[in-house]
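Worksheet: the structure to be examined is printed underneath.
Just so you know, residue 1 is the first one in the sequence shown, and it goes up from there. First listed ligand is number 1; within each ligand, the first listed atom is number 1. The model shown is predicted, which means the values in this text are computed figures rather than measured ones.
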Amino acid sequence: MNASDFDYICQLVYKRSGIVITQDKGYLIDSRLGPLARREGLPSIDDLVQVLRSRREERLMAQVVDAMTTNETFFFRDKTPFDHLKEEVLPKLSQARRGGRIRIWCAACSTGQEPYSIAMMLDQSPAIASGTVVEIVATDISDRTLEKARSGLYTQFEVQRGLPIQMLMQYFTQADEQWRIAERLRSRVSFRKLNLLESFAALGKFDVVLCRNVLIYFDQPTKTDILNRVAAQLAPDGYLMLGAAETVIGVTTMFEASRERRGLYTPSQKAVKAA
Ligand SMILES: C[S@@+](CC[C@H](N)C(=O)[O-])C[C@H]1O[C@@H](n2cnc3c(N)ncnc32)[C@H](O)[C@@H]1O
């Protein structure tokens, strides 16, 4: 691929998703757009770029962006955020919202393992006061991953990553070669398409936001913009959780890091005043 075509794809993906493709990640363009070009009946990625440039077809541009997203995820990924939820976040919110509603948002849910892990955890959690409703909203930019998330179907390989065997037995049934999550858990999660570059005010206020392993793909101004807007959607006593390689430090002053719990953040005084 020549430099101008490489630049064209990088700009397209950046403008539409915020994802930065650096020169050293150029191989991803080959491995991800090659299959898309073949599906479109085009002989090569060069031809795909030519079609993109000349026809500027919305459907195809959206598919390029979707193909360039990294959707790596697994059940109970990193474990600690789920410990924070179980040991501190949910007991505190349950006390504060007794008999009311707790709203949780997985802001880049990929194929659904993160919100379903929370749904399983809640099912086993004595921490939630009876009568308190917990709502889980899960969003992603990728139609491909949302379709899989909504299906609730996972391969043998996927259920072997992070999911305790007791939970597999309790919450999944075998469906041909795959495993299907129980309907009562599937229906607890509401999946929606959402680009974090666009306004998410319409989703309403949340008590917990998990925005894990997505900011790593963005540049500093994009991270700052997204986190500031997340702060505006968070209850004053709410919580933010980031991925293990992500932080608010040097990015925004709207959150404070928990001293005891890695990856857990609460709104700063500045954010509370602004709310
Ligand atoms: C690596 S996955 C993280 C999944 C899950 N949060 C976890 O930690 O396991 C990153 C997800 O971010 C999504 N993503 C990338 N850019 C996005 C954007 N601008 N808006 C919303 N989602 C985006 C991708 O489609 C992908 O599914």
* Lys193/Glu198 under salt bridge (charged side-chain N to carboxylate O under 4.0 Å, His left out): CA gap, chis, key distance, verdict -> CA-CA 11 Å; Lys193 180 168 180 168; Glu198 292 166 9; over 6 Å; no

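Between Arg53 and Asp5, at least one side-chain nitrogen of the basic residue sits less than 4.0 Å from a carboxylate oxygen of the acidic one, meeting the salt-bridge criterion.
Aromatic rings from Phe75 and Tyr154 are positioned such that their centres are separated by under 6.0 Å.
Partners of Lys15 according to the salt bridge (charged side-chain N to carboxylate O under 4.0 Å, His left out) rule, which considers only residues two or more places apart in sequence or in another chain, do not exist here.
Side-chain N or O atoms of Asp207 include one that pairs as donor or acceptor with a backbone N or O of Arg103 at under 3.5 Å.
Annotation: side chain of Asp78 is in contact with side chain of Arg212 (closest heavy-atom distance under 4.5 Å).
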Which protein N or O atoms sit under 3.5 Å from any N or O of ligand 1? Give each pair with its distance.
residue	atom	partner	partner atom	Å
ligand 1	6 (N)	Ala108	O	2.7
ligand 1	6 (N)	Glu114	OE1	3.2
ligand 1	6 (N)	Arg212	O	2.9
ligand 1	8 (O)	Arg77	NH1	3.4
ligand 1	8 (O)	Arg212	O	3.3
ligand 1	8 (O)	Asn213	ND2	2.7
ligand 1	9 (O)	Thr73	OG1	2.6
ligand 1	9 (O)	Arg77	NH1	2.9
ligand 1	19 (N)	Ser17	O	2.8
ligand 1	19 (N)	Asn195	OD1	3.0
ligand 1	20 (N)	Leu196	N	2.8
ligand 1	22 (N)	Ile141	N	3.4
ligand 1	25 (O)	Asn71	ND2	3.4
ligand 1	25 (O)	Asp140	OD1	2.6
ligand 1	27 (O)	Asn71	ND2	3.1
ligand 1	27 (O)	Asp140	OD1	3.4
ligand 1	27 (O)	Asp140	OD2	2.8

